Structure formats: structure tokens, C-alpha cells
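This one's a predicted model, so the numbers in the text were calculated from it and none came from an experiment. Atoms considered below: every heavy atom in the structure, side chains included; atoms not considered: hydrogens, waters and symmetry mates.
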Amino acid sequence: MAGSIGFQNQKTYSPDFKMTVLSYLETHSQSEAARYFAVFPSTTSANWLRMYRKSGYQVGTAMG
């Protein structure tokens, strides 16, 4: 499964990449964003969005 492979790799994403994904989420679903950017599990982008709403861009490097 692609989702389990992505999870096992424990990728680290740059703050700019995370912001790109968050921008994409403005007009697409979490599952669409996960497939488009190969970010698994799809809840990862939801976590980034929650952190962004709480703390803004400054925490970009701290977002999972």
C-alpha cells in the first residue's frame, strides 16, 4: 500500500512544501492533496493545517 510505505519512510517536508500543500487544500480535499503531493497518511496535511491555524507560518519548521 502506498499509504503504509509513505508512513514508514517518515519523510521530512520543508515549510515551503507544507505551505504549498495548504494552499492546494483551499480548493481540494485532503485525499486529493495526499494523492497529488504523495503525502501519506492523508491526515498529515490536516495536522499541518491545524498547526498553521494555531500558530501561523512561523511554526513551519515545527510542523510534523
Side-chain angles (χ1 to χ4, degrees):
M1 283 184 206
S4 62
I5 292 169
F7 183 72
Q8 290 171 356
N9 286 342
Q10 295 293 317
K11 292 181 181 178
T12 301
Y13 301 100
S14 73
D16 288 337
F17 177 80
K18 293 173 186 178
M19 293 305 297
T20 299
V21 174
L22 293 179
S23 293
Y24 190 84
L25 283 172
E26 291 177 11
T27 56
H28 298 82
S29 71
Q30 289 178 7
S31 59
E32 288 173 314
R35 284 191 303 273
Y36 186 80
F37 292 102
V39 175
F40 300 102
S42 62
T43 55
T44 299
S45 59
N47 293 336
W48 295 344
L49 184 58
R50 185 173 38 256
M51 290 296 298
Y52 177 75
R53 286 179 176 163
K54 181 178 178 183
S55 302
Y57 184 78
Q58 296 83 1
V59 349
T61 57
M63 294 189 305

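- Taking CE from Met51 and CG from Leu22, the interatomic distance works out to 11.5 Å, rounded to the nearest 0.5 Å.
- A donor-acceptor distance shorter than 3.5 angstrom exists from the side chain of Ser14 to the backbone of Phe17, with no hydrogens or angles considered.
- Annotation: the span from Gln30 atom CD to Ser42 atom OG amounts to 6.0 Å, rounded to 0.5 Å.
- Every side-chain contact (heavy atoms from CB on, under 4.5 Å) that Ser29 has, sequence neighbours left out, goes to Ser31, Glu32.
- Trp48 is not listed as a side-chain neighbour of Leu25, based on a closest heavy-atom distance of 4.5 Å or more.
- With sequence neighbours excluded, the residues forming a side-chain hydrogen bond (donor to acceptor under 3.5 Å, both in side chains) with Arg50 are Asn47, listed by chain and number.
- By the 4.5 Å heavy-atom criterion applied to side chains, Val21 and Tyr13 are not counted as neighbours.
- In this structure Tyr36 satisfies the side-chain contact (heavy atoms from CB on, under 4.5 Å) test together with Tyr24, sequence neighbours excluded.
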